[in-house]
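What follows is a single structure, written as C-alpha cells, with notes after it.
The chain is numbered in sequence order, starting from 1. Quantities reported herein were computed from a predicted structural model and do not represent experimental measurements. For ligands, and for the atoms within them, numbers begin at 1 and follow the listed sequence.
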Amino acid sequence: MIGKIHSFFAGGTVDGPGIRYVIFVKGCPLRCLYCHNPDTWSQEGAEEHTPEDIVKEALRYRGYFATGGGVTITGGEPLMQMEFVTEVFRLLKLNKVHTALDTSGIYFKKDDPEVVAKFDELMKYVDLVLLDIKHIDDGEHLKLTGKHNKNVLDFAEYLSNKGIKMWIRHVLVPGITLNDEYLKRTKEFIDTLKTVEKIEVLPYHTMGKVKYENLGIPYRLEGVEPPTKEEVRHAKYMLGVIKDVA
Ligand code: SF4
C-alpha cells in the first residue's frame, strides 16, 4: 500500500496536543477560497511512501510523544486515502502513539453502510479528530468550498455519538464567516455535540497567496483583509471560546 504524500514536519505545535510529527498528504476534493495549501489539491508530483516507512520515521521522534504529543495526518484531505491513513494509524496505535486526524469530514456518508464501516474501522485508531467546520450555512459552504456541508455535519454527529474527541476549527473570513448570524448558528450546532474538547478560531490570512501565483491559479479572495484582533475576539466570544470581549 502506498500513500501520496506532500511533506512531513517534525515539531508541529498547532495540529493537536503536545509536540507532533505531522504528515501532509496530497489530494483534496474541496477548493476552499481561503485555502493556503493549494499545492496539496492535486496528487500529481506526490512523494510515495508505505505506511511502514512512515511509521518507522515517525517513531524516531518518540521524544516528542512524551510531551503529550503524537502524530497528526493532515493535508490536503487525508480521507481521500482512507485505507492508507487507517493503516498508518493502526501501526501507530500498536506503538502506543497518540493519533490525530485533521479532516473536513467531506467523505462521510451516514446512509451508506459501506462508508460507515470504513469510518468505524478508521476510528478504532484515532484519538482525536481536528474537524473543520468551514461554514454552517449550506449555501455559503457550497460557495466557499465547492461542496455541501451535510456530510461534514453528519460526521460531527457521528463522532459525538461514538465518543470520539474532537477539536472544532473554524476559519474566520471577513464577509464570509465573520457574521453574527452564522457564528450563532455554528455555536448552536457545536453545543449539540458531546465530545468537543476545544474550539479553535483561525483568522484568515493571506500567506498562501504566493503559492497561487506560483501555481498560476487565480486567487479568489483578492482584496479580503484578515480580521482585526477585535473581530477575532468577538468571534471567539460568539463561539464561547472566551467569556467576554474586553
Ligand atoms: S479542505 Fe483544506 S486542503 Fe482542501 S481546499 Fe480546503 S483548506 Fe485547502
Side-chain angles (χ1 to χ4, degrees), residues 3-9 12 14-16 20 22-47 72-82 84-85 88 100-109 115 119 122 126 128-156 158-159 166-178 182 186 199-222 224 226-227 235:
K4 306 271 189 186
I5 307 295
H6 177 274
S7 55
F8 302 93
F9 181 63
V14 294
D15 294 304
R20 310 190 69 82
V22 185
I23 302 161
F24 293 84
V25 298
K26 231 167 148 15
C28 184
L30 302 188
R31 292 292 177 267
C32 303
L33 295 179
Y34 55 65
C35 181
H36 56 268
N37 288 324
D39 46 334
T40 64
W41 290 350
S42 153
Q43 288 191 328
E44 239 172 71
E47 287 183 27
T72 298
I73 305 186
T74 181
E77 170 49 61
L79 299 189
M80 203 166 181
Q81 304 179 63
M82 179 89 148
F84 170 77
V85 168
V88 172
L101 169 68
D102 180 11
T103 180
S104 68
I106 202 72
Y107 283 110
F108 187 71
K109 288 187 188 153
V115 171
F119 275 82
L122 168 69
V126 175
L128 174 70
V129 173
L130 310 174
L131 178 63
D132 294 321
I133 295 185
K134 294 170 188 298
H135 211 298
I136 197 66
D137 183 86
D138 189 41
E140 293 300 316
H141 193 278
L142 186 61
K143 282 195 252 169
L144 177 63
T145 71
K147 302 271 185 203
H148 291 283
N149 69 5
K150 181 181 185 309
N151 291 351
V152 179
L153 303 184
D154 286 348
F155 181 55
Y158 162 85
L159 293 174
M166 59 186 128
W167 290 7
I168 300 288
R169 293 171 143 185
H170 191 58
V171 178
L172 195 65
V173 194
I176 298 181
T177 54
L178 178 54
Y182 296 144
T186 305
I199 301 168
E200 293 185 316
V201 174
L202 309 176
Y204 161 72
H205 61 75
T206 54
M207 283 184 280
K209 209 170 144 186
V210 66
K211 291 188 185 173
Y212 286 77
E213 284 157 19
N214 293 340
L215 291 164
I217 302 172
Y219 190 69
R220 291 175 293 162
L221 290 186
E222 198 61 65
V224 175

For the residue pair Tyr212 and Pro218, what are the closest heavy atoms and their distance? CD2-O, 3.7 Å
Looking only at heavy atoms, what is the nearest atom pair of Asn149 and Asp138, with distance? N-OD1, 2.8 Å
So does His205 have more than 12 non-hydrogen atoms from other groups sitting under 6.0 Å from NE2? yes
Does a side-chain N-to-carboxylate-O contact under 4.0 Å join Lys209 and Glu222? yes
Between the side chains of Thr72 and Asp15, is a donor N or O closer than 3.5 angstrom to an acceptor N or O? no
Pairs flagged by salt bridge (charged side-chain N to carboxylate O under 4.0 Å, His left out) wherever residues 26-43 is involved - sequence neighbours left out: Asp39-Lys211
Report the nearest protein non-hydrogen atom to atom 2 (Fe) of ligand 1: residue, atom name, distance rounded to 0.1 Å. Lys134 NZ, 4.1 Å
Anything protein N/O/S under 2.8 Å from atom 8 (Fe) of ligand 1? Just list residue and atom, please. Cys35 SG
